[in-house]
Amino acid sequence: MAERFTYKDGRAGKGGEYHQEETGDQHTLTTQQGCPVADDQNSLRAGARGPTLMEDHVMREKIFHFDHERIPERVVHARGYGAHGYFENYECLSDITSADLFQRPGEQTPVFTRFSTVAGNKGSFDLARDVRGFATKFYTKEGNWDLVANNIPVFFIQDAMKFPDLVHAAKQEPDRAFPQAQTAHDNFWDFSTLMPESMHMLMWIMSDRAIPRSFRFMEGFGVHSFRLVNAQGEMKFVKFHWKPKQGLQSVVWNEALKINGADPDYHRRDLWHAIQSGDYPEWELGLQVFDEEFAEKFDFDVLDATKIIPEEEVPVRKVGKLVLNRMVDNFFAETEQVAFCTQNIVPGIDHSDDPLLQGRNFSYLDTQLKRLGGPNFTQIPINAPKCPMHHFQQDGHMAMQNPIGRSNYEPNSWGDGGGPRENPEKGFNTYPSHVEGDKQRVRSETFSDHYSQARQFYKSQTQIEQRHIANAFVFELSKCERLDIRERMVSHLLNIDDDLANEVAKGLGLAEMPEAAEAAMPTRQDLKESPKLSILLNGPDSFKGRKVGLLLTNGADSGIIDGMKQAIEDEGAEMKVVTPTIGGIKDSVGRHIPADEKLDGGPSVLFDAVVVVPSDDEIDMLAKDATARDFVNDAFSHCKFIGYVSQANKLFASAGLDQMLDKGCIPVDDPASAKTFIEACRKLRYWEREPAVDQF
Ligand code: HDE
């Protein structure tokens with residue numbers, strides 16, 4: 001079919017049989033039926049001030065279509081952001097899997113990745129305290145493989161049967177329809193404290209993992225054990241990991257609250273901006289491969305999605321990299337309509353009997369039927385495989401790819417050999433694992449340790465991170481109206497770590513310490529710490545890809561601006577100029593420096609580090625300005641590195657910081673010190689400051 005016109009970049013436009021050359025027109029507005037529109041401003045009326053006529057097919061069609069623009073949002077993970085890219089193999093993995101995409105070193109497979117928050121509605125803010133989805137569709141030569149992952153390696157529940165309850169409890173409460181995009185309310189904590197299996201996950205979502213600096217700086221985890229099967233039919237279990245090459249980074253909670261006000265699209269904007277400016281984010285695909293023998297002897301059940309296998313016990317083998325390098329052309333068509341599904345797997349990869357995974361295999365397809373309106377959503381370009389397809393599935397709503405010819409059943413004897421036919425060699429074969437047992441509704445005894453890994457996670461964190469976890473529990477539980485729910489959580493924490501329980505009890509002002517919760521199994525004290533679970537121990541030691549906000553006034557020293565710009569660029573970071581008005585400033589040599597943000601639209605929470613360069617002439621004004629004071633106060637209390645020239649001392653004094661300046665506040669009066677400043681920023685935050693600014 002010929003397209004009526006193409007866009008400048010060669011994409012096909014809307015249209016049918018005719019080329020634009022034939023119609024000679026690609027500018028005239030038309031209806032969906034292709035009828036040229038003469039007037040798009042006025043509906044058809046009987047008289048200039050009379051009623052609109054039913055006959056107005058142009059207006060009726062326009063409003064009819066608008067009325068039906070929305071489709072149901074995802075029941076969870078509604079707010080998401082996606083990008084295209086590729087996955088490239090480092091090596092051939094034929095020893096462990098026959099999956100075609102893993103056979104040839106250097107080969108690239110196209111992918112689409114969608115990141116998301118879980119609880120909030122589509123229009124909610126990005127920096128909710130929440131799990132992040134990290135779903136990737138690999139368009140392989142043997143069909144689509146979807147790795148539908150999260151940025152946390154465990155889950156709240158062990159059996160899919162509890163998923164609706166979990167999601168109901170986490171989302172806004174049904175009578176009042178708030179709070180939006182947050183777990184800080186009674187229903188969530190009521191449910192989770194009644195479900196001890198959620199304890200390990202609660203530690204993760206109370207940690208800084210739940211407030212990532214951006215999608216670019218977080219890990220991804222397939223969560224469940226999957227299977228890899230090689231050409232000889234040998235099976236190994238595997239856990240999938242994504243490791244960000246940019247390093248791990250999170251924000252602090254007070255910062256997250258403020259970012260949500262300053263830029264609710266903070267994560268979206270970050271990904272958009274990085275990709276559009278050619279700074280393509282990369283993740284390495286890591287495999288934790290283990291066999292049945294390991295599974296038998298491991299401390300926990302590898303089918304229990306509330307458990308990890310520490311990387312120190314089964315190292316992560318990095319087998320390739322994911323590069324995201326192209327934003328979508330149209331958000332709705334791609335990011336909104338993409339349909340990930342755990343049941344989309346390819347020969348060489350298989351499911352395990354994890355009861356959560358088994359439930360997921362039903363849920364995704366089911367929910368997508370409703371969301372996308374019929375069984376043919378696999379024909380939407382973002383969902384369609386890029387490999388050849390031959391099947392006899394037909395008809396249904398919006399069927400776009402319709403078979404030609406007479407045969408629509410298999411076997412048949414029409415045409416050349418009567419194909420397509422099944423192919424036992426090439427086709428997907430389920431791994432023939434041996435299972436037997438009575439049909440019953442039970443939970444395996446091997447799933448009953450709910451506290452040991454929660455403790456291991458907590459113990460593996462640095463002191464700063466441990467304090468963030470305690471603070472997060474206190475914040476969330478302080479939003480619960482019911483005292484008994486707050487107490488119940490502390491009773492669980494007593495089974496995890498006494499110090500943590502005490503900190504939280506103190507933070508909540510509990511009059512008495514409750515009894516420890518009854519535990520199905522005692523908490524193991526002997527699990528080794530796993531440093532890989534800490535964000536701070538796995539930082540990038542680089543400031544690449546980060547942003548520095550330069551607060552400038554008229555007359556700011558040109559040498560310092562230039563030196564800083566150079567040092568920032570040399571590091572692969574980015575400089576953003578913040579000035580009192582959006583018109584920018586004139587620096588000390590009269591040069592116009594354009595602004596990226598006006599001061600009140602560019603608070604310091606939007607930057608990884610800040611530099612304050614006022615002039616003698618304008619420092620008094622700046623020191624009186626409440627927004628400027630917030631700028632430095634927030635940067636300071638969020639433990640950011642602050643570069644400053646001596647004029648800024650007046651601003652620090654009016655912000656009440658002059659007596660508190662520490663080694664994270666670095667004078668940059670000498671242009672050569674810009675380099676030292678940026679080198680210091682590689683630590684990302686000056687955490688040593690935190691005890692001084694966090695008193696409760
Ligand atoms: Fe999901 N999940 N999930 N989930 N999930 C959905 O599918 C579900 C779970 C994850 O960007 C839904 O198309 C059940 C774990 C991501 O489009 C739904 C259970 C993990 C996304 C669904 C889980 C995930 C979803 C909603 C427990 C990490 C967003 C819309 C048995 C490994 C994908 C949709 C995207 C989305 C069901 C648990 C990741 C309702 C029943 C564990 C990243 O089908």
Side-chain angles (χ1 to χ4, degrees), residues 71-84 111-122 130-137 144 146-171 195 197-198 200-201 204-205 209-210 212 215 218-226 238-242 267-268 271 303-308 324 328 331-345 351-373 377-378 380 382-383:
I71 61 172
E73 67 173 35
R74 288 164 173 81
V75 60
V76 280
H77 295 265
R79 182 170 177 80
Y81 210 55
H84 295 270
V111 300
F112 183 76
T113 294
R114 181 177 182 271
F115 300 104
S116 47
T117 50
V118 180
N121 293 344
K122 220 177 120 183
D130 200 353
V131 188
R132 299 299 184 286
F134 187 153
T136 302
K137 192 181 279 297
N144 289 350
D146 293 355
L147 179 51
V148 197
N150 276 348
N151 76 330
I152 288 180
V154 287
F155 204 62
F156 295 93
I157 48 171
Q158 296 172 323
D159 190 312
M161 185 84 160
K162 296 308 294 171
F163 191 66
D165 301 292
L166 164 71
V167 174
H168 288 175
K171 285 214 164 211
M195 297 285 293
E197 69 202 56
S198 67
H200 188 194
M201 180 67 167
W204 282 83
I205 57 165
R209 298 270 175 169
F215 301 131
M218 62 186 205
E219 289 181 303
F221 303 92
V223 175
H224 318 278
S225 299
F226 289 84
V238 64
K239 285 203 182 246
F240 294 107
H241 295 244
W242 289 118
H267 285 168
R268 289 187 169 191
L271 190 66
L303 301 183
D304 173 358
T306 68
K307 305 294 184 301
I308 58 157
L324 296 182
V328 299
F331 181 85
F332 178 82
E334 297 162 75
T335 310
E336 199 53 24
Q337 294 199 108
V338 66
F340 296 98
C341 181
T342 49
Q343 76 170 27
N344 294 348
I345 46 174
H351 299 114
S352 71
D353 297 337
D354 176 339
L356 207 63
L357 177 58
Q358 301 271 321
R360 291 180 76 197
N361 287 342
F362 161 70
S363 177
Y364 289 72
L365 200 61
D366 183 49
T367 194
Q368 284 151 11
L369 183 71
K370 164 105 178 176
R371 185 164 68 82
L372 298 166
F377 60 81
T378 46
I380 300 172
I382 193 71
N383 294 322

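Just so you know, ligand 1 is whichever comes first in the structure, and atom 1 is the first atom listed for that ligand. Owing to the predicted nature of the structure, the values given are computational and were not obtained by experimental measurement.
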For this session: Provide the number and element of each atom of ligand 1 under 4.0 Å from a heavy atom of R114.
Result: 11 (O), 17 (O), 35 (C)

For this session: Name the orientation class of the two ring planes belonging to F221 and H241 (parallel below 30°, tilted from 30 to 60°, perpendicular beyond 60°).
Result: perpendicular

Exercise. Side chains of T306 and D304: donor-acceptor distance under 3.5 Å anywhere?
Worked result: yes

Exercise. Which of the atoms of ligand 1 are close to A160, meaning less than 4.0 Å from one of its heavy atoms?
Worked result: 31 (C)

Seminar exercise, completed: Short version for Y364: what comes under 4.0 Å of ligand 1, heavy atoms counted, is both

For this session: Could you name the option among F362, Y81, F163 that has the heavy atom nearest to atom 27 (C) of ligand 1?
Result: F163

Exercise. Quick one: are V131 and W204 in side-chain contact, heavy atoms under 4.5 Å?
Worked result: no

Problem set entry | Residue, atom name and distance, where the atom is the protein heavy atom closest to atom 38 (C) of ligand 1 | F155 CZ, 3.6 Å

For this session: State the CZ-OG1 distance between F340 and T113, to the nearest 0.5 angstrom.
Result: 6.5 Å

Seminar exercise, completed: Among non-hydrogen protein atoms, atom 34 (C) of ligand 1 lies closest to T367 CG2, 3.5 Å

Exercise. By number and element, which atoms of ligand 1 are closer than 4.0 Å to a non-hydrogen atom of V223?
Worked result: 28 (C), 32 (C)

Exercise. Any idea which atoms of ligand 1 are less than 4.0 Å away from a heavy-atom of V75?
Worked result: 40 (C)

Exercise. Between N121 and R79, is any pair of side-chain heavy atoms under 4.5 Å apart?
Worked result: no

Exercise. Under a 4.0 Å heavy-atom limit, does V148 contact ligand 1 with its side chain, its backbone, both, or neither?
Worked result: both

Exercise. Between H77 and R114, is any side-chain donor less than 3.5 angstrom from a side-chain acceptor?
Worked result: no

For this session: Check the pair K162, E197 against salt bridge (Lys or Arg N to Asp or Glu O under 4.0 Å), reporting the backbone distance first and the verdict last.
Result: CA-CA 11 Å; K162 296 308 294 171; E197 69 202 56; over 6 Å; no

Exercise. Side chain, backbone, both or neither: which part of A149 comes within less than 4.0 Å of ligand 1 when only heavy atoms are counted?
Worked result: backbone

Exercise. Heavy atoms only: which of H77, R74, K137 is nearest to atom 17 (O) of ligand 1?
Worked result: R74

For this session: State, without any angle test, whether Q343 and H351 hold a side-chain donor-acceptor pair at a distance under 3.5 Å.
Result: no

Problem set entry | Rounded distance [0.5 Å steps], CG in N144 versus CD1 in I345 | 12.5 Å

Exercise. Side chains of T117 and D130: donor-acceptor distance under 3.5 Å anywhere?
Worked result: no

For this session: Using a strict cut-off of 4.0 Å, indicate which atoms of ligand 1 neighbour a heavy atom of G222.
Result: 32 (C)

Seminar exercise, completed: In terms of its nearest heavy atom to atom 32 (C) of ligand 1, the top option of Q368, Q337, R360 is R360

Exercise. For ligand 1, which atoms sit closer than 4.0 Å to a heavy atom of S363?
Worked result: 18 (C), 22 (C), 37 (C), 40 (C), 41 (C), 44 (O)

Problem set entry | Ligand-residue contact atoms, ligand 1 with F134, heavy atoms, under 4.0 Å | 43 (C)

Exercise. Considering only heavy atoms of F340, which atoms of ligand 1 have at least one such atom less than 4.0 Å away?
Worked result: 11 (O), 17 (O), 33 (C), 35 (C)

